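The structure presented is a predicted model; accordingly, all values stated were derived computationally and were not measured.
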Amino acid sequence: MICISSSMCGLFGLLRSPLADHPERASEAFVTLGTLAEERGRDSAGVALLNGRPVLQAARQSERANGCEDDRRSDMSHTGVRVIKGRGRFSGIWRADLLDRLDRSPIAMGHTRWATQGSPFDLLNASPLVVPDGTGSGIVATHNGDVEAGALRARHPLLPPALGTTDSEPVFQLLAGCRGAANVTGLLGSLVGRAALAWVDRARPDRVHLARAALSPLTVAVDTEQNFYWASNPRWLAEVERHTKVRFASAVMLREGTYLQVGLTAASSRRRPRPRVLTRAGFVPTARDWDLDDRVWTGFTAADMARDRATLRHRVISIPAPRQVPEKVAAATAVSPEFAPAV
């Protein structure tokens with residue numbers, strides 16, 4: 001294991017509502033979230049733009065990614081999803097010519113990285129990752145945190161070799177094979193360390209799965225046009241309202257031990273679908289005795305940090321801490337509105 005920093009990564013994303021009259025506003029909010037997420041990661045950044053078409057097993061078996069990549073940048077089209085990532089800041093990998101594709105993407109996922117396990121110089125370690133499961137269509141996934149990957153692989157010796165060297169990839173490999181909330185929460189409850197996750201099953205690209213295990217924060221929100229968002233820091237949503245025309249109808253910080261599946265569904269046969277929570281389940285997360293660190297809340301206001309800390313409910317086990325190399329910590333001082341924790 002290469003432990004480079006205990007600072008946190010940034011997650012952000014968007015599940016569009018077909019009811020929205022102004023898709024360009026949600027796109028502007030997504031890009032704004034990516035820029036704000038730089039405070040939680042500047043080693044690499046990436047986005048995944050899904051086109052909403054299910055990926056069938058036959059298509060996945062014959063799949064070959066197309067695009068261009070070198071040791072600093074990658075722009076690859078897989079079946080059903082285009083993944084753009086590179087070393088450095090989000091603002092360094094985002095391009096204006098991607099806006100049209102973003103406007104047409106039902107789901108967009110983003111990630112900014114401070115490297116914890118795995119070299120920051122290898123794009124195989126940069127997220128989002130497209131991970132197969134061997135029998136299905138696989139998932140597109142992002143992770144904020146740091147978990148005991150070696151112990152996870154020891155418990156699951158049949159996992160295929162990873163392409164990169166992060167702790168995230170074996171988690172994604174296992175999630176790709178999970179079917180049903182009980183299997184998902186069983187896996188999430190077995191993780192040891194900090195974790196917040198967002199992933200999409202490529203066979204069901206109208207749904208997003210979100211989970212907060214121990215510590216790593218995750219906020220969800222719905223705007224007035226019924227678009228659904230997620231972000232590592234609730235303050236970013238206030239900044240989105242300040243700098244764009246998007247207005248949020250609700251926003252909550254997820255409690256530890258929460259798993260959500262959010263997808264497009266209609267309240268009745270005569271209504272158009274919009275994002276709704278399809279599945280909510282709980283589990284008991286586990287942290288190491290050295291995981292609780294103020295850097296978990298990098299960029300948070302003091303009020304949001306205190307509010308979230310008051311809800312923590314993970315188990316703690318004793319594991320020797322890895323040797324640390326000098327940290328890279330970002331600071332932020334903007335003010336956040338009151339975002340209540342989820343029940």
Side-chain angles (χ1 to χ4, degrees), residues 10-20 22-34 37 45-56 59-60 65 75-85 90 93-94 98-112 127-131 133 136-144 172 175-176 184 196-211 218-223 225-232 236-237 240 246 248 254 259-266 272-279:
L11 305 184
F12 58 100
L14 162 68
L15 170 61
R16 292 186 184 275
S17 169
L19 301 173
H22 304 283
E24 74 283 355
R25 294 181 182 178
S27 295
E28 185 179 8
F30 177 82
V31 175
T32 302
L33 287 171
V47 297
L49 306 178
L50 289 95
N51 63 20
R53 293 191 289 274
V55 178
L56 304 177
R60 193 197 65 77
D75 185 346
M76 303 297 291
S77 291
H78 306 257
T79 305
V81 61
R82 182 175 177 183
V83 179
I84 303 98
K85 55 188 178 181
F90 170 83
I93 66 104
W94 182 255
L98 296 170
L99 276 173
D100 180 65
R101 176 64 182 267
L102 174 59
D103 287 345
R104 294 181 285 110
S105 295
I107 295 179
M109 309 171 64
H111 184 267
T112 58
S127 287
L129 294 181
V130 179
V131 178
D133 70 350
S137 302
I139 64 174
V140 186
T142 57
H143 168 218
N144 164 30
F172 298 159
L175 283 172
V184 171
L197 301 126
W199 72 97
V200 174
D201 183 340
R202 295 169 68 196
R204 294 301 308 264
D206 58 342
R207 301 179 179 185
V208 62
H209 302 259
L210 300 166
L218 193 60
T219 301
V220 297
V222 177
D223 71 16
E225 292 200 319
Q226 301 299 307
N227 298 300
F228 179 87
Y229 302 80
W230 62 94
S232 292
W236 299 348
L237 303 175
V240 166
V246 168
F248 293 105
L254 298 183
Y259 162 63
L260 299 178
Q261 181 183 182
V262 182
L264 297 177
T265 185
R272 295 172 63 190
R274 65 179 179 85
R276 297 176 184 271
V277 176
L278 305 178
T279 304

Which atom of [X] lies closest to which atom of [Y], heavy atoms considered:
| X | Y | value |
| --- | --- | --- |
| Thr142 | Gly110 | CG2-O, 4.1 Å |
| Phe228 | Leu210 | CE2-CD1, 3.6 Å |
| Ala20 | Pro23 | O-CD, 4.4 Å |
| Leu49 | Ser105 | CB-OG, 3.4 Å |
| Leu197 | Leu218 | O-CD2, 4.2 Å |
| Leu237 | Ala221 | CD1-CB, 3.7 Å |

Could you tell me whether the side chain of [X] and the main chain of [Y] form a donor-acceptor pair under 3.5 Å?
| X | Y | result |
| --- | --- | --- |
| Ser137 | Val55 | yes |
| Thr112 | Ala37 | yes |
| Ser232 | Leu11 | yes |

Should [X] and [Y] count as side-chain neighbours, where that means a heavy-atom distance under 4.5 Å?
| X | Y | answer |
| --- | --- | --- |
| Leu102 | Trp94 | yes |
| Ile107 | Leu14 | no |
| Arg82 | Asp75 | yes |
| Ile84 | Leu98 | yes |
| His78 | Arg202 | yes |
| Glu28 | Leu99 | no |
| Leu254 | Val220 | yes |
| Val222 | Phe248 | no |

Checking [X] now: which residues fulfil side-chain hydrogen bond (donor to acceptor under 3.5 Å, both in side chains) with it, not counting sequence neighbours?
| X | value |
| --- | --- |
| Ser27 | Arg16, Asp103 |
| Trp230 | none |
| Glu225 | none |
| Asp201 | none |

query: Under 6.0 Å between ring centres, would you say that holds for Phe12 and Tyr229?
result: no
Residues forming a salt bridge (Lys or Arg N to Asp or Glu O under 4.0 Å) with [X], sequence neighbours excluded:
| X | answer |
| --- | --- |
| Arg207 | none |
| Asp100 | Arg104 |
| Arg204 | Asp206 |

- request: Determine, step by step, whether Val200 and Ile139 satisfy the side-chain contact (heavy atoms from CB on, under 4.5 Å) criterion, reporting the C-alpha distance in whole Å, the side-chain angles of both residues, the deciding distance to 0.1 Å, and the verdict.
  value: CA-CA 5 Å; Val200 174; Ile139 64 174; over 6 Å; no
- request: Please list, chain by chain and in numerical order, all residues satisfying ring pair (Phe, Tyr, Trp, His ring centres under 6.0 Å) with Phe172, sequence neighbours excluded.
  value: none
Among all residues two or more places apart in sequence or in another chain, which pass the side chain to side chain contact (heavy atoms under 4.5 Å, CB included) test with [X]?
| X | answer |
| --- | --- |
| Arg274 | Ser17, Leu19, Gln226, Arg276 |
| Ala48 | Val81, Val83, Met109, Pro128, Val140 |
| Pro54 | Pro205 |
| Val184 | Leu175, Cys178, Leu188, Trp199, Tyr259 |

- prompt: What is the distance from atom NE2 of His143 to atom NE2 of His111, rounded to the nearest 0.5 Å?
  reply: 8.0 Å
field: Stepwise side-chain contact (heavy atoms from CB on, under 4.5 Å) test for Thr219 and Trp236
entry: CA-CA 10 Å; Thr219 301; Trp236 299 348; over 6 Å; no
